[in-house]
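The model shown is predicted, which means the values in this text are computed figures rather than measured ones.
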Amino acid sequence: MTAAVTSWSRAVGRTSAGAEPARTVHEYGLDNGRLRVAVWSYGATLVEVSVPGPAGRVPPRTNLVVRLPSLAAYERRADRAYVGSTLGRFARIVAGGRADIAGRRHRLVTGEGGHHLHGGAEGFDARVWSGRAHSGRGRGRIVLTLVSPDGDQGYPGTLRCTATFELRADDRLVVRYEAVTDRPTLYGPTLHAFWNLAGGGPVDGHVLALDADTLIEADSRFVPTGRLLPVPGSAVDLGPRGGIGGSRLDHCVALRGAAPGAVLRDPGSGRALLLRTDQPGLALYTGERLPEPRSGICLQPGAWPDAPNQPAFPSALLSPGRIHRHVTTYSLTGIGHRR
């Protein structure tokens, strides 16, 4: 018989009043008897992907994603690392905040370095989404929705978007983003979760394999040059064994798409994460700016950076009458027995 996936929801606090009134933030959760997933409505943020820990251990579960200690920590803007958040409308960078969309130039909100990054200062990660959690036989779902109005962070068009986190009985977490717009706009979201399959400490002992042979070259400010470089011999070439070691990764690769885009392993625990996505790119970041530096590695499937200013890159244009769909599956192995 297929196992049931149960759900729950609870309030975790209220946002601080600022440009918008304070709002209640909820946690929505799913549990398949072995894997437990929790998402906060603030930023559609993944705060927990936990597995049973060793018998007698306190706490009894091991969280495989980095989380911050409080809602206030997620709201803080200084040195923000976007921990676990959904980023949008467009993740990564738009050079100079310039975006030519359907023949018109739009100026997006800029920040550090004069560029538009991760959707702007008040992007998706800083919004309270509406949500519900649903139990089910074989799978459960957390469904979050957000309306981004015309002009939000400089983007044209009213965007209606949905983020769905689906936990299946076979230990797969499927994350779907969908959106529609009433005007041509730029759209390229991602999930900015930091993974640590050991449950703590630096990720230097992890092993990473990529289904990519091309690195998207960028300058010192992470703006793409337009050149595509071979992965062998590049900064993301981790050698034949794929050990992360002391490598400092903050790069984007072009995925081939024929196999899992990334396989992350922790030899110490025996746990592994297989990431499959329909997106053309995968950004990698070893978390040097996390509160505990290098305590997680971020694997961000999505559009190529600065797509609106690079005609040769895959387009991130979303037009009226079309639905943007973005699906990534995270499969976990070596995580223990069902309770």
Donor-acceptor under 3.5 Å ([X] side chain, [Y] main chain):
| X | Y | value |
| --- | --- | --- |
| H118 | R92 | yes |
| D100 | G103 | no |
| R276 | T329 | no |
| S70 | A73 | yes |
| N196 | G201 | yes |
| H115 | G96 | yes |
| T277 | Q279 | yes |
| T190 | P301 | yes |
| Y28 | G131 | yes |
| D219 | V223 | yes |

Output the rest of the hydrophobic cluster of [X]: all Ile, Leu, Val, Met, Phe, Trp and Tyr residues reachable through side-chain heavy-atom contacts under 4.5 Å, sorted by chain and number.
| X | result |
| --- | --- |
| L228 | I216, W304, F313 |
| V94 | F90, I101, L108, Y155, L186, L317 |
| V207 | none |

Between [Y] and [X], is there a side-chain donor-acceptor contact under 3.5 Å, judged purely by atom types and distance?
| X | Y | result |
| --- | --- | --- |
| S148 | R89 | yes |
| E75 | T15 | no |
| T24 | R14 | yes |

So, using side-chain contact (heavy atoms from CB on, under 4.5 Å) as the criterion, who are the partners of [X] when residues are at least two apart?
| X | value |
| --- | --- |
| D125 | R80, Y82, S85, L87 |
| D278 | H326, V327 |
| D211 | R256, A259 |

So, taking the atom named [atom1] in [X] and the one named [atom2] in [Y], what distance separates them when rounded to the nearest 0.5 Å?
| X | Y | atom1 | atom2 | value |
| --- | --- | --- | --- | --- |
| L273 | L197 | CG | CG | 6.0 Å |
| N32 | R139 | CG | CZ | 12.5 Å |
| S41 | I142 | OG | CD1 | 11.0 Å |
| L71 | R76 | CG | CZ | 10.5 Å |
| Q153 | F124 | CD | CZ | 9.5 Å |

Quick one: side chains of residues 173-180, donor-acceptor pairs under 3.5 Å with protein atoms, not counting sequence neighbours, listed by atom name and distance.
unit_1	atom_1	unit_2	atom_2	d
Y177	OH	T86	OG1	2.8
E178	OE2	R325	NE	3.4

Using side-chain heavy atoms (C-beta onward) and a distance below 4.5 Å, is [X] in contact with [Y]?
| X | Y | value |
| --- | --- | --- |
| R36 | E48 | yes |
| T6 | L30 | no |
| R34 | I335 | yes |

[X] atom [atom1], neighbour heavy-atom count above 12 within 6.0 Å:
| X | atom1 | result |
| --- | --- | --- |
| R227 | CZ | no |
| E288 | CD | yes |
| R294 | CZ | yes |
| R105 | CZ | yes |

Of all pairs that satisfy ring pair (Phe, Tyr, Trp, His ring centres under 6.0 Å), the ones with a partner from residues 202-239, not counting sequence neighbours: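 Non-adjacent pairs meeting ring pair (Phe, Tyr, Trp, His ring centres under 6.0 Å): zero.
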Pairs involving residues 308-319, ordered by first then second residue, that meet side chain to side chain donor-acceptor pair (under 3.5 Å) (sequence neighbours left out):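 Checked against side chain to side chain donor-acceptor pair (under 3.5 Å) - neighbours excluded - the pairs reaching residues 308-319 are D306-N309.
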Any pair counted as side chain to side chain donor-acceptor pair (under 3.5 Å), so long as it reaches residues 237-255, sequence neighbours left out: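 Listed once each, the pairs would be none.
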Partners passing salt bridge (charged side-chain N to carboxylate O under 4.0 Å, His left out) against R98 (at least two apart in sequence or in another chain):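 For R98 there are no salt bridge (charged side-chain N to carboxylate O under 4.0 Å, His left out) partners, ignoring immediate neighbours.
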Nearest heavy-atom neighbours spanning G29 and A133: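 Reported closest heavy-atom pair: O-CB, 4.2 Å.
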Full working for ring-ring contact (aromatic ring centres under 6.0 Å, His included) between Y42 and W129: CA-CA 6 Å; Y42 184 82; W129 297 53; over 10 Å; no
Pairwise salt bridge (Lys or Arg N to Asp or Glu O under 4.0 Å) hits with a residue in residues 144-163, at least two apart: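 For residues 144-163, and leaving out neighbouring residues, the salt bridge (Lys or Arg N to Asp or Glu O under 4.0 Å) pairs sorted by first residue read R127-D152, D150-R183.
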